[in-house]
Amino acid sequence: MNEQTQGSTVRVFIALAPPDDAKDELARELGPAYEAYPRMRWNRIEDWHITLAFLGELPVATVPLLRAPLAGLAAARRPVRLAMRGGGHFDERVLWSGIEGDLDGLHRLAGEVRGVVRECGVDFEERPLRPHLTLARSRRDDPSSVVKAAAGLAGFTGRWWQARRLHLVGSNIGRGPGAIHYRDIEAWSFEGH
């Protein structure tokens, strides 16, 4: 599934992703919730991410314009030290895990990413950064599962990790039935010292 096969646009965002061992730790914590609330629409563990800038639907031809500027930004940046902590929900519909650590650095990075995107001429809706990982969504007829699952995550304290790569991600949201899947269009290591 490449950009060309999806038509003339692709839904794009720029994000950080926790390392596999940190995601595995959270997945173990979620084990009881997976069993207790099987009807929730659980995100795949490989799709967990922290969105820095959501760009929405972009023309496929626009995506290559972002590559060199984002690569340059990543090359000049240091990794960001983060951890997953607790859980909560948005509007009793979306279950999330919180993020803590170098939040000032995370906000600066998001500001720089958004600045680079604007300099590339890409118009997008600026939303305040609320660092989190989206874990699941409830079904319309089941508003209580997300609230209960969030309460079960309240005491979660994940290990510290370094966000070492900046990801340019495409998704298939709104492109037919089934789960939302994300894929890296490209990713760049933070190389600053």
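Position 1 is the first residue of the sequence, and the numbers go up from there. Keep in mind that this is a model prediction, so the values were computed, not measured.
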Applying the 4.5 Å side-chain criterion to the ILVMFWY set and letting contacts propagate, would L65 and V63 be lumped into a single cluster? no

Atom pair CG (L82) and CG (L103), whose distance is rounded to the nearest 0.5 Å: 7.0 Å

Kindly write out the residues that satisfy side-chain hydrogen bond (donor to acceptor under 3.5 Å, both in side chains) with S97, not counting sequence neighbours, or none if the list is empty. none

Report yes if the side chains of L52 and L106 come closer than 4.5 Å at any heavy-atom pair, otherwise no. yes

Under 3.5 Å, which donor-acceptor pairs do the side chains of residues 140-147 form with other protein atoms, sequence neighbours left out?
residue	atom	partner	partner atom	Å
D141	OD1	R39	NH2	3.3
D141	OD2	R39	NH2	3.4
D142	OD1	S145	OG	3.0
D142	OD2	S145	OG	2.6

Mind checking what makes side-chain hydrogen bond (donor to acceptor under 3.5 Å, both in side chains) contact with R93, not counting sequence neighbours? S138

Linking Ile, Leu, Val, Met, Phe, Trp and Tyr by side-chain heavy atoms under 4.5 Å, what else ends up with F90? V94, W96

For H49, check ring-ring contact (aromatic ring centres under 6.0 Å, His included) against everything at least two apart and list the hits. F13, Y182

For P131 and I50 the tightest heavy-atom approach is CA-CG2, 4.4 Å

Could you give the distance from CE (M84) to CD (E29), rounded to the nearest 0.5 Å? 11.0 Å

Distance check, rounded to the nearest 0.5 Å: L95 atom CG versus K148 atom NZ? 13.5 Å

Which residues satisfy the ring-ring contact (aromatic ring centres under 6.0 Å, His included) test with W188, sequence neighbours excluded? none

Hits for ring-ring contact (aromatic ring centres under 6.0 Å, His included) against Y37, two or more places apart or cross-chain, chain-then-number order -> none

Applying salt bridge (Lys or Arg N to Asp or Glu O under 4.0 Å), name anything that partners R127, two or more places apart in sequence or on another chain. E125

Please list all pairs passing the ring-ring contact (aromatic ring centres under 6.0 Å, His included) test where one or both residues lie in residues 104-131, with sequence neighbours left out. none

Residues 96-107 vs salt bridge (Lys or Arg N to Asp or Glu O under 4.0 Å), sequence neighbours excluded, gives R85-E100

In the structure I gave you, are the side-chain heavy atoms of R139 and R41 within less than 4.5 Å of one another anywhere? yes

Distance-only criterion, 3.5 Å: show the donor-acceptor pairs between side-chain atoms of residues 152-170 and protein atoms not counting sequence neighbours.
residue	atom	partner	partner atom	Å
R159	NE	D21	OD2	3.3
R159	NH2	D21	OD1	2.4
R159	NH2	D21	OD2	2.7
R165	NH1	S189	OG	3.1
R165	NH2	A187	O	3.4
H167	ND1	D184	OD1	3.2
H167	ND1	D184	OD2	2.8

Walk me through it: do T134 and T51 pass the test side chain to side chain contact (heavy atoms under 4.5 Å, CB included)? CA-CA 10 Å; T134 298; T51 301; over 6 Å; no

Side chain to side chain contact (heavy atoms under 4.5 Å, CB included) assessment of L16 paired with L109: CA-CA 10 Å; L16 302 177; L109 175 61; 4.0 Å; yes

Pairs in or reaching into residues 105-120: which pass salt bridge (Lys or Arg N to Asp or Glu O under 4.0 Å), with residues at least two apart or in two chains? R77-E112, R114-E126, R118-E126

Decide yes or no on side chain to side chain contact (heavy atoms under 4.5 Å, CB included) for L58 and L66, but give the supporting numbers first. CA-CA 11 Å; L58 296 182; L66 297 170; 4.2 Å; yes

What one should report as the nearest heavy-atom pair of L73 and V113 is CD1-N, 3.8 Å

State the CG-CG distance between L135 and L30, to the nearest 0.5 angstrom. 5.5 Å

Derivation of the side chain to side chain contact (heavy atoms under 4.5 Å, CB included) call for F54 and R11: CA-CA 9 Å; F54 179 76; R11 184 164 287 219; 3.9 Å; yes

